[in-house]
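The structure under discussion appears below in the form of structure tokens.
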Amino acid sequence: MKIIENFIENKFIFLLLLFLFLLIIQEPSFRLFSSETHYIGEALQKIINYFPHENSAYIQPDNIFSYRYIFDILVTLFYYISNDIVISANIGRLLLAILFTISIYHLSKTLNLNIVYIIISLSFFMLMNQQLVGGDKIFGNGFQSSALSFAIVILKISFVLRKKYLPFFILGILATYLHFLIGGYWFLICIISAIFIEKKFYKFLYYFILYILFCIPLILSLYIDIIFNTSNIIQIADIFAFRSKHHFLPFYNYSTLVWWLPGILLTIIFLIYSIFAINNNFEKSINIIIAISSVQILFFFFLISPIEKFNFFSNFDPFRHSTILLLLTFCSIASRISKFKIDSFIVLIIVMPISLNVIYPAIGRIIYNNPDALLYGNNNSKIDLINYVKKNTNEKDTVILINDNQLGDFEILTKRPTYFSWKLIPSHSKGINEWHNRYNKFEKLNEITCKNSNINFEYLIISPNNKEQFSRCGNLVYENDNYLILKK
């Protein structure tokens, strides 16, 4: 058993196994996650106008500055290095695996967790779909600014637990510039937690004021975008809430509420657990963070969401930090269990099936490239469609996609303008208005089957089920088992 314990405690083995685990769940492959299709495409549009056509679904902002400009610059740099969007995404996923390895290793050492307990914590976290409420994820969701911010947030929380407040402060600013909401929420939660931990109100008020001062350029850019670039803030809030209601509107309808309730129940249980742990003086610091984060979620769920009329608070996505809350709770529980000194061999027997349940599906998705092909058998159809479009159409030709049908990455792969995509809502206010106008026109296209359409397009891609409905939209020029192309 001594051999197993030495193996587990070896620093190099720890870092290697953790990195390999995190790299696998980041899923390096030749496919793009839907989030990468959205944010990588938007970044390239902002910086280099990658999709120049006016009918591009990536609506061009008035300027290149946004609250994600560090991510936008990184994406553009990776694209210039690789000259390929898929390779750029994979460079980003590798970067994320490295950053998460550093931050989670640091957190594990703060909590005295060995590699086995941290893998168990991560595996349970993944099997819980990485979330309590709101539908957000940390791992395996592609290269995006939120993932970069999450990696920095985990590291800054670890520094708070060690009472190292200067690196926490620096990392807090970086996390906020990577993602305003994620970085901002967790800076506030950590500051409030530090006040309870240290009992020094003015010290952390000073840190908070300094933080606001350092974030003024970011706050100003958001203010200018919201106030000066739109005449109706309430309308923008309503549109964004309509598009992203699953993230922050638990009372939108009955089915949405039912979907949220298990996560809210777990949040209450985590709050009770954290209070119990604090009262028993066990890992007091991390459980104070868990308690404050839980209270914030429950406060918005019970007191704000049911009565809010104009979606003002909802658009600040007040439930976004629940995914880190879930991870911290599993780490706290693992730290508690590790104190019982369970035999290393027994712990290994536990970790293997649990981790395999996470790793095996991820490897399958990496190998098969498109997991939908396993269910629907449409991967070859999609590849053939994209190859046909690249060879037989012009980059200036607008191609309308009906029902999307697994073609969310169509425009970014073909560089053909698609006019509208439900997924590609812009992150700038004027673009949100334009996105909604296009949505209304797109819905009318569906209703009137191309008659008197206000959308100018050259091609229409439909599924066999829509063939009769859209037969008047153009002549059939391509067909396979899953897609048809009509030329207007």
Side-chain angles (χ1 to χ4, degrees), residues 26-53 55-60 71-72 75-76 78-79 82-93 96 137 140-147 243 365-393 395 397-427 435 438 442 457 459-463 478 480-485:
Q26 288 301 137
E27 298 182 23
S29 65
F30 292 104
R31 69 184 176 93
L32 291 172
F33 288 92
S34 62
S35 58
E36 290 172 329
T37 298
H38 187 176
Y39 298 117
I40 289 178
E42 188 175 69
L44 293 175
Q45 181 72 322
K46 288 176 188 173
I47 304 295
I48 61 174
N49 194 24
Y50 186 79
F51 307 95
H53 198 284
N55 277 349
S56 172
Y58 294 94
I59 299 168
Q60 180 67 28
F71 171 77
D72 297 342
V75 167
T76 307
F78 294 161
Y79 179 73
S82 64
N83 198 34
D84 184 274
I85 287 176
V86 176
I87 294 174
S88 300
N90 279 283
I91 295 173
R93 293 177 207 174
L96 286 174
K137 294 182 179 180
N141 200 27
F143 178 50
Q144 53 180 312
S145 58
S146 61
R243 162 58 179 79
R365 288 188 292 269
I366 293 168
I367 293 173
Y368 285 99
N369 192 25
N370 183 2
D372 296 315
L374 298 176
L375 292 174
Y376 308 112
N378 69 343
N379 198 34
N380 288 334
S381 298
K382 179 178 176 179
I383 292 170
D384 290 343
L385 172 76
I386 288 172
N387 287 336
Y388 176 87
V389 169
K390 285 182 176 180
K391 291 177 182 177
N392 295 280
T393 66
E395 285 191 4
D397 292 336
T398 299
V399 181
I400 299 296
L401 309 176
I402 300 296
N403 299 330
D404 221 340
N405 195 16
Q406 309 301 322
L407 293 176
D409 55 357
F410 178 86
E411 181 164 347
I412 202 170
L413 294 178
T414 63
K415 217 175 177 182
R416 273 40 174 193
T418 56
Y419 188 73
F420 173 81
S421 170
W422 175 261
K423 176 67 179 176
L424 304 182
I425 185 167
S427 55
W435 177 89
R438 293 187 182 192
F442 189 78
F457 62 91
Y459 295 92
L460 194 74
I461 296 180
I462 61 175
S463 65
Y478 172 88
N480 65 32
D481 291 340
N482 294 282
Y483 307 104
L484 294 82
I485 300 179

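The first residue of the sequence shown is numbered 1, and numbering continues consecutively from there.
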Within the 6.0 Å centroid threshold, strictly below: Phe71 and Phe143: yes

Taking atom [atom1] of [X] and atom [atom2] of [Y], what is their separation to the nearest 0.5 Å?
X      : Y      : atom1 : atom2 : answer
Ile412 : Gln45  : CD1   : CD    : 10.5 Å
Asn387 : Lys382 : CG    : NZ    : 12.0 Å
Tyr58  : Thr37  : OH    : OG1   : 5.5 Å
Thr414 : Leu385 : OG1   : CG    : 9.0 Å
Arg438 : Trp422 : CZ    : CH2   : 15.5 Å
Ser463 : Gln406 : OG    : CD    : 11.5 Å

ring-ring contact (aromatic ring centres under 6.0 Å, His included) against Tyr478, all qualifying residues, sequence neighbours excluded: Tyr388

Could you report the tightest heavy-atom contact between [X] and [Y], atom names first, then the distance?
X      : Y      : answer
Ala89  : Leu32  : CB-CD2, 3.7 Å
Ser381 : Asn480 : O-ND2, 3.0 Å
Gly142 : Ala147 : O-CB, 4.1 Å
Lys46  : Ser427 : NZ-OG, 3.4 Å
Thr418 : Ala57  : OG1-CB, 3.4 Å
His53  : Thr398 : CE1-OG1, 3.7 Å

Can you find a heavy atom in the side chain of [X] that is under 4.5 Å from one in the side chain of [Y]?
X      : Y      : result
Tyr459 : Val389 : no
Arg93  : Phe33  : yes
Tyr483 : Leu407 : yes

Name of the residue among Asp397, Thr393, Asn55 meeting side chain to side chain donor-acceptor pair (under 3.5 Å) with Arg416: Thr393

Test side chain to side chain contact (heavy atoms under 4.5 Å, CB included) applied to Ile87 and Ile91, Asn90, Asn83, Ile85, the passing residue: Ile91

Side chain to side chain contact (heavy atoms under 4.5 Å, CB included) partners for Ser146, two or more places apart: Gln144, Phe150, His179, Ile182, Arg320

Residues in side chain to side chain contact (heavy atoms under 4.5 Å, CB included) contact with Ile48, at least two apart in sequence or another chain: Leu44, Tyr50, Thr76, Tyr79, Tyr80

Arg243 side-chain N/O to Ile425 backbone N/O, donor-acceptor pair under 3.5 Å: no

Donor-acceptor under 3.5 Å (Ser35 side chain, Asn141 main chain): yes

Between Glu411 and Ser421, a side-chain donor and acceptor under 3.5 Å: no

